[in-house]
Amino acid sequence: MTNTKVVLANRPTGAVEDSNFDLVTEEMAPIKQGEVLIKIEVISLDPAIRGWMNEGTTYIKGIEIGAVMRSFSAGEIIDSQNDAYEVGDYVTGLLGSQTYAISSGEGLKKLDMSSGKLSHHLGVLGMPGMTAYFGLLRRGQPKSGEVIYVSGAAGVVGSTVGQIAKIKGCIVIGSAGTDAKCAYLVNECGFDHAINYKTEDINAKLKEYAPKGVHIFYDNVGGETLDIALMNLAQGARVVICGAISQYNDMANIKGPKNYMKIVTARGVLTGIIVFDFVQEWPMAVEEIAGWIAEDKINVKEHMTEGLENYATTLKMLYSGQNFGKLILIP
Ligand SMILES: NC(=O)c1ccc[n+]([C@@H]2O[C@H](COP(=O)([O-])OP(=O)(O)OC[C@H]3O[C@@H](n4cnc5c(N)ncnc54)[C@H](OP(=O)(O)O)[C@@H]3O)[C@@H](O)[C@H]2O)c1
């Protein structure tokens, strides 16, 4: 058998480029005792990949040069030498951007296919959905009637945050980069307001939509957006730093908030979320989100592309806003 995989050829200095990757096809050794062979059907492309391409360790070690590009992927077990898994089981894990993966079972999660489509287990029922759930509920601690502003709102994390906040009775404002994304947030996700940050003044719009301030700011974008949100905090506000996609291409020169003293005057809390800290509780959250999807309380949007040869083109979409929904690559 042969496996085709995307490997890291070299590290980007700024934005991701096609030349950072190589496509490699190689013979696969048969699986050994304790291992399973997985045919990968869907690969998750996530904003964090840009950070994983850097040298060194943050919350996770950077990808080695020549190693397969790290990704959450999901697929079917087609051969098993591990008693815990049978041929035909569907699984997910950090299986990489490739056509087949061999796993010892460590970090592998068997999927309950009755709770959602396979691709949903990489998005709203996977790591990004868990980020939204725990980031909002544990860090943001929403209360009915409060106002939440979520940046990067049309992505899987942002749209899930906003929709869970609606379920919890909040007034939800989101910002995104196109009118179509803003219309989606209001018309299909039930957001109260959406701001096109490329054509509208976020500060003026927040003052209009949240005249008494924002109780929760859930930040996926960072930089100037964070600064503007800090200027619009209500008393006792919680600022949840989930991501900073506007900064990922130049983390050495990250633009920090100028207005952080607003945390003091608002008696606020500035907090961070790393989704892996809640991994023991993911099954509970998957069940609850799957229930909300079944009740039509959460809209799921996915953006699929095909072919490992299109890995770089697809990944770049995240940093230019060309994806509309959870970005998934079918190998
Ligand atoms: N802390 C954790 O444990 C954790 C886990 C998962 C994800 N995250 C973070 O959550 C955030 C959202 O992830 P996602 O998977 O839902 O991605 P996503 O929102 O589907 O995709 C990224 C989006 O970011 C927006 N964007 C790109 N460059 C931007 C810029 N310079 N300024 C403003 N917006 C920009 C684009 O939308 P527009 O068209 O709206 O610009 C793009 O579609 C990311 O920051 C990610 O790193 C954190």
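Throughout, residue positions are numbered sequentially from 1 according to the sequence presented. Both counts, for ligands and for their atoms, begin at 1 and track the order of listing.
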(message) For residues 2-22, which residue pairs pass the ring-ring contact (aromatic ring centres under 6.0 Å, His included) check, not counting sequence neighbours?
(response) Phe21-Tyr311
(message) I want to check a possible cation-pi pair here: Lys166 against Phe191, using under 6.0 Å from ring centre and within 45° of the ring axis as the test.
(response) no
(message) Distance to the ring centre below 6.0 angstrom and angle to the axis at most 45 degrees; does that hold for Lys301 and Tyr184?
(response) yes
(message) Are more than 12 heavy atoms, taken from residues, nucleotides or ligands other than Lys255, located less than 6.0 Å from that residue's NZ atom?
(response) no
(request) Not counting sequence neighbours, which residues clear salt bridge (charged side-chain N to carboxylate O under 4.0 Å, His left out) with Glu309? List them please. (result) none
(message) Going by salt bridge (Lys or Arg N to Asp or Glu O under 4.0 Å), name the pairs with one or both residues in residues 319-331, residues two or more places apart or in two chains.
(response) Asp46-Lys326
(request) Might you list the protein residues in contact with ligand 1, defined as having a heavy atom under 4.0 Å from one of its atoms, sorted by chain and number? (result) Pro47, Met127, Thr131, Gly155, Val156, Val157, Ala176, Gly177, Lys181, Tyr197, Asn220, Val221, Cys242, Gly243, Ala244, Ile245, Ser246, Tyr248, Ile273, Ile274, Val275, Leu318, Tyr319, Gly321, Asn323
